[in-house]
Amino acid sequence: MAKYKLEYIWLDGKKPIPELRGKTTIKEFDNPPSLADLPHWGFDGSSTMQAEGHKSDCILKPVAHYPDASRKSGYIVLSEVMHPDGTPHPTNMRATAPDDPELWFGFEQEYFLYKDGRPLGFPETGFPAPQGPYYCGVGCKYMGSLARQIVDEHLDLCLAAGINHEGINAEVAKGQWEFQIFGKGSHRAADDLWVARYLMARLCEKYEVDLQLHCKPIRGDWNGSGMHTNFSTKQLREVGGKEYFEALMEAFENNIEGHIDVYGPDNHLRLTGLHETQAIDKFSYGLSDRGASIRLPVNFIKNGYRGYLEDRRPNSEADPYQIVARIWKTIQTVAMAVAA
Ligand code: ADP
Ligand code: MN
Ligand code: MN
Ligand code: MN
């Protein structure tokens, strides 16, 4: 028997976007545990905005586990929050997103690293040189010395955890970065994304840095942070066709508000029509168009309207479970319309 440190993590009751919580339990196993070996656990919901004081037990149901390379014999145990009777807690958004194996997602998580209340590399007063050289930049005068160390350490932690990272890059504003995560099925990429956020926030503690997910932390001529959500249905990948594509876009256009509602708070500050965005109340799509709500990758039309689509509206702070649930819902109406 060997002892393992199991970090159960879950999403709390903060509105409109939950925050991550986690605590450790030590358990003994003969072999590295599989998901089925991990017991349900509990926590005090009155301290996480998930219960009233007099009846405060919430249950943690493990749904995925990840090797935790920063801890000896450690695992991160991603958990859903349940009522003691086994039904999902109202804050449990994962339970509202059907895990459709044919819907694939890729998230581009943009974020700032913050130190002393400002982006890493910003001077104590005033601003650094305007944005321009920072995107995919190199050299201490642009990147500083700490950011890349954190970003690379995070990448290694994510890869060791088995998170399906596809890449990373420095972004347009100083102190702003991005990582991309892909997953087949509507839960996989969203699960991995929350764990990647957790690993980054925890890693940053030792550098006295914070993960800043707000979509427009600096006003003025500095890019905000998005979380472009790339998605594909089986039909988009294998069949394509203009008719299906146009029906899909019509369904999105008819649900602008329903999508914006779950695409992250304060998005009006970011979706202005400037800085590679479409205005928040408009809907458009376009080939290679970074000013559109939905961008079609460069070969999409040439390939017979086949491939994936990029919804550019979700922001960096959005809850990926709510995004995938909403996109799934809109796509369902089209599947039914085309079948009818
Ligand atoms: P850009 O910055 O040009 O928008 P990125 O390379 O940062 O592009 O992101 C592209 C995203 O598209 C990645 O997250 C990737 O996982 C995702 N993606 C690629 N193919 C598919 C697909 N078939 N279905 C869903 N997402 C996809
Ligand atoms: Mn990108
Ligand atoms: Mn980007
Ligand atoms: Mn993108």
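All values below come from the heavy atoms of this structure, side chains included, with hydrogens, waters and symmetry mates left out. Quick note: residue numbers are just sequence positions, from 1. Every value quoted in this text rests on a predicted model; they were computed, and no experiment measured them.
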Could you label the plane-to-plane angle of the [X] and [Y] rings as parallel, tilted or perpendicular, counting under 30° as parallel and over 60° as perpendicular?
X	Y	value
F122	W222	tilted
F105	F231	tilted
Y4	Y75	tilted

Can H214 and D266 be counted as having a side-chain donor-acceptor contact under 3.5 angstrom?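 Looking only at side-chain atoms, D266 and H214 do form a donor-acceptor pair, the distance falling under 3.5 Å.
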Listed partners of L159 passing side chain to side chain contact (heavy atoms under 4.5 Å, CB included), at least two apart: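 For L159, the residues satisfying side chain to side chain contact (heavy atoms under 4.5 Å, CB included) (neighbours in sequence not counted) are L155, H165.
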Kindly say whether G183 contributes a backbone atom to a donor-acceptor pair with the side chain of N164 at under 3.5 angstrom?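 Not confirmed, N164 side chain does not pair with G183 backbone.
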Backbone of S186 reached by a side-chain donor or acceptor of D99 within 3.5 Å: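 Yes, D99 side chain to S186 backbone: donor-acceptor pair under 3.5 Å.
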Is the gap between the ring centers of F245 and Y285 under 6.0 Å? yes
Less than 6.0 angstrom separating the ring centers of F43 and W10, yes or no?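 Yes, the ring centres sit under 6.0 Å apart.
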Output the distance between atom CD1 (I150) and atom NZ (K115), rounded to the nearest 0.5 Å. 8.0 Å
Under 3.5 Å, sequence neighbours excluded: what are the donor-acceptor pairs made by side chains of residues 89-97?
{"residue": "H89", "atom": "ND1", "partner": "T91", "partner atom": "N", "Å": "3.1"}
{"residue": "H89", "atom": "ND1", "partner": "T91", "partner atom": "OG1", "Å": "2.8"}
{"residue": "H89", "atom": "NE2", "partner": "Q50", "partner atom": "O", "Å": "2.7"}
{"residue": "T91", "atom": "OG1", "partner": "Q50", "partner atom": "NE2", "Å": "3.0"}
{"residue": "N92", "atom": "OD1", "partner": "R94", "partner atom": "N", "Å": "3.3"}
{"residue": "N92", "atom": "OD1", "partner": "A95", "partner atom": "N", "Å": "3.1"}
{"residue": "N92", "atom": "ND2", "partner": "E80", "partner atom": "OE1", "Å": "2.8"}
{"residue": "N92", "atom": "ND2", "partner": "V81", "partner atom": "O", "Å": "3.1"}
{"residue": "R94", "atom": "NE", "partner": "D191", "partner atom": "OD1", "Å": "2.8"}
{"residue": "R94", "atom": "NH1", "partner": "E80", "partner atom": "OE2", "Å": "2.7"}
{"residue": "R94", "atom": "NH2", "partner": "H187", "partner atom": "ND1", "Å": "3.4"}
{"residue": "R94", "atom": "NH2", "partner": "D191", "partner atom": "OD2", "Å": "2.9"}
{"residue": "T96", "atom": "OG1", "partner": "M93", "partner atom": "O", "Å": "2.6"}

Which residue pairs satisfy the salt bridge (charged side-chain N to carboxylate O under 4.0 Å, His left out) criterion with at least one member in [range], sequence neighbours excluded?
range	answer
residues 146-160	E153-K206
residues 209-221	none
residues 160-174	none
residues 56-74	E7-R71, D68-R202

